[in-house]
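Positions are given from 1, in the same order as the sequence printed here.
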Amino acid sequence: MKIYEAITLLEKGEISPLEIAEEVIGAIKTRECDIKAYITLCDDIREQSQNAVRGGRMWGIPIAVKDNICTKGLRTTAGSRMLGGFVPPYDATVVKRLKENGAVIAGKTNMDEFGMGSDSRYSAYKVTSNPVNGLYVPGGSSGGSAAAVKAGMAMGALGTDTGGSIRQPAAFCGIYALKPTYSLVSRFGLIAFASSLDCIGAMGNSVKDVAIMTDVISGYDEKDATSANRVKEAYFENLTPSVKGMRIGVCKEFLAEASPCVKEAILKAAKRYEEMGAFVEECSIDAVRYAVSSYYIISSCEASSNLARYDSVRFGYRTENYESYEDMCIKSRSEAFGEEVKRRILLGTYALSEENYDLYYMKARIARKKIKDGFKALFEKYDLIISPVSPAKVPKAGENCEVDEIYEKDVCTASVSLAGLPAMSVPCGSDENGLPIGMQIIGDMFKEQIVLNASLCYEEGGFCNV
Ligand code: GLN
């Protein structure tokens with residue numbers, strides 16, 4: 001059942017929150033042992049559903065929360081051994097807003113450690129499978145959230161996206177998800193990866209579900225210094241499934257990177273938008289060729305600085321035997337961080353060092369500005385840009401890939417993150433293995449409504465179920 005359908009049935013009294021809870025618990029019982037979407041499952045889903053805020057917008061709706069988002073009294077690990085025993089004393093603003101609106105927290109979902117990765121294999125806890133076909137990866141880093149939603153083990157989920165981690169797993173699992181404009185959703189209570197890029201966003205089984213969740217979690221928060229102070233929009237209420245008269249650009253640089261079946265699916269989608277009344281043409285943004293390098297330099301620099309706080313003194317894992325403060329710090333960090341996190345810390349520290357700062361970090365920032373300006377120019381001409389979410393098909397689990405090859409696949413999503421723009425992942429076909437393909441619909445700053453409208457138009461056209 002979709003969230004918006006459940007809300008209507010609940011309002012009419014045709015279903016109770018407990019019945020919805022039972023449905024989700026049933027799915028968890030049958031599917032979680034194979035899929036492994038959760039790091040921590042809430043054992044009080046029934047009780048929560050009985051006590052949920054009645055009359056709240058999401059009364060009785062079970063939501064899965066990515067494990068790098070703080071939940072009061074509920075273990076929050078960020079997929080890392082470092083935070084294996086961390087129980088936050090407070091709720092992240094997004095969680096607080098969900099609860100105030102009556103939502104039920106189903107559990108905390110698996111993820112790549114601190115959000116660094118593309119298929120959830122870099123979790124210190126478990127490997128999540130794709131619910132569409134267990135032999136394939138669910139994507140990452142919000143792989144657990146995407147898998148939980150797809151398998152009905154939650155009605156919706158929160159994910160986080162620094163360079164694609166909401167959009168790419170949504171695409172791989174065949175669900176809908178929105179990475180909002182940077183600063184639209186509060187980051188208070190989100191365990192930081194790269195603060196100038198991190199966004200929290202909604203993942204669901206329909207565009208309407210994503211709109212409802214985004215309505216609930218977005219809006220100004222004085223606890224986040226970067227939070228945008230603007231009039232709150234009503235995305236769900238204003239949903240209009242139309243692209244009539246819209247100007248849509250299909251970015252050729254992103255298509256050039258795509259594997260044949262992905263390219264074909266995106267071109268088909270473009271054609272459908274044209275048939276639905278949009279004006280569609282090819283467009284170009286040259287600067288995206290710097291996107292992957294710029295993203296990995298900037299995000300790793302910020303990560304190396306953000307992760308310096310895990311010194312094993314104030315909180316986090318501490319090694320058993322040590323001789324000095326330095327020894328304790330080194331051993332704790334060496335034992336508790338995984339290989340990918342270490343790689344990023346090394347890369348970030350190297351790029352930030354005095355002799356390399358101008359060479360790498362400043363250069364990456366210049367490239368970021370070029371990408372931002374490139375998109376700005378495009379949005380003077382177009383209302384939306386479409387591209388693949390990932391240029392590649394969903395990979396098989398356990399396939400070994402070079403690190404740089406994995407990084408390269410972030411080109412379409414990381415560009416958008418560097419520019420801080422909103423973008424939706426919408427299913428638009430499947431590859432020869434039957435795994436989903438996702439289309440990315442990119443909007444200008446704070447134009448979430450247009451992005452959602454175009455996504456709904458596509459969903460209601462029945463094009464997503466291919
Ligand atoms: N795959 C990207 C990375 O590893 C994106 C991660 C994210 O958005 N959290 O950095």
Does any donor atom in the side chain of [X] or [Y] lie under 3.5 Å from an acceptor atom in the other side chain?
{"X": "D67", "Y": "T40", "answer": "no"}
{"X": "R230", "Y": "S183", "answer": "no"}
{"X": "T214", "Y": "E448", "answer": "no"}
{"X": "T8", "Y": "E11", "answer": "no"}
{"X": "S129", "Y": "K36", "answer": "no"}
{"X": "S195", "Y": "E302", "answer": "no"}
{"X": "T160", "Y": "K66", "answer": "yes"}
{"X": "S186", "Y": "R97", "answer": "no"}
{"X": "K363", "Y": "S293", "answer": "no"}

Between [Y] and [X], does any NZ, NE, NH1 or NH2 come within less than 4.0 Å of an OD or OE carboxylate oxygen?
{"X": "E340", "Y": "R344", "value": "yes"}
{"X": "D221", "Y": "K223", "value": "no"}
{"X": "E22", "Y": "R46", "value": "yes"}

Donor-acceptor contact present, side-chain [X] to main-chain [Y], <3.5 Å:
{"X": "R187", "Y": "T226", "answer": "no"}
{"X": "Q440", "Y": "C412", "answer": "yes"}
{"X": "Q168", "Y": "S118", "answer": "yes"}
{"X": "K108", "Y": "I69", "answer": "yes"}
{"X": "T181", "Y": "F446", "answer": "yes"}
{"X": "R75", "Y": "G84", "answer": "yes"}
{"X": "S123", "Y": "Y125", "answer": "yes"}
{"X": "K126", "Y": "Y38", "answer": "yes"}
{"X": "D198", "Y": "A192", "answer": "no"}
{"X": "S425", "Y": "Y176", "answer": "no"}

For L352 and Y357, what are the C-alpha separation, side-chain angles and deciding distance, and is it a side chain to side chain contact (heavy atoms under 4.5 Å, CB included)? CA-CA 5 Å; L352 283 179; Y357 188 87; 4.0 Å; yes
Assess the residue pair I45 and I28 against the criterion (side chain to side chain contact (heavy atoms under 4.5 Å, CB included)); give the C-alpha distance rounded to whole Å, side-chain angles, the decisive distance to 0.1 Å, and a yes or no. CA-CA 11 Å; I45 298 179; I28 291 171; 4.2 Å; yes
Apply side-chain hydrogen bond (donor to acceptor under 3.5 Å, both in side chains) to T76 and T71, showing your working. CA-CA 7 Å; T76 300; T71 40; 3.2 Å; yes
Is there side-chain contact between [X] and [Y], with at least one heavy-atom pair below 4.5 Å?
{"X": "C301", "Y": "Y360", "result": "no"}
{"X": "V127", "Y": "S120", "result": "no"}
{"X": "L307", "Y": "M82", "result": "no"}
{"X": "L418", "Y": "S294", "result": "yes"}
{"X": "D444", "Y": "Y382", "result": "no"}

Atom [atom1] of [X]: over 12 foreign heavy atoms under 6.0 Å:
{"X": "K370", "atom1": "NZ", "result": "no"}
{"X": "E23", "atom1": "CD", "result": "no"}
{"X": "K369", "atom1": "NZ", "result": "no"}

Could you pull out the closest heavy-atom pair between D112 and G117, with the gap in Å? OD2-C, 3.2 Å
May I have the step-by-step check of side chain to side chain contact (heavy atoms under 4.5 Å, CB included) for M445 and L421, ending in yes or no? CA-CA 5 Å; M445 297 291 273; L421 301 168; 3.8 Å; yes
I want to know whether F463 and Y458 have ring centres closer than 6.0 Å. yes
Would the Y310 and F86 ring centres measure less than 6.0 Å apart? no
With a cut-off of under 6.0 Å to the ring centre and 45° to the axis, is R343 in cation-pi contact with Y407? no
Show your reasoning for whether side chain to side chain contact (heavy atoms under 4.5 Å, CB included) applies to I345 and F114. CA-CA 12 Å; I345 293 175; F114 288 103; over 6 Å; no
Kindly write out the residues that satisfy side chain to side chain donor-acceptor pair (under 3.5 Å) with E113, not counting sequence neighbours, or none if the list is empty. S80
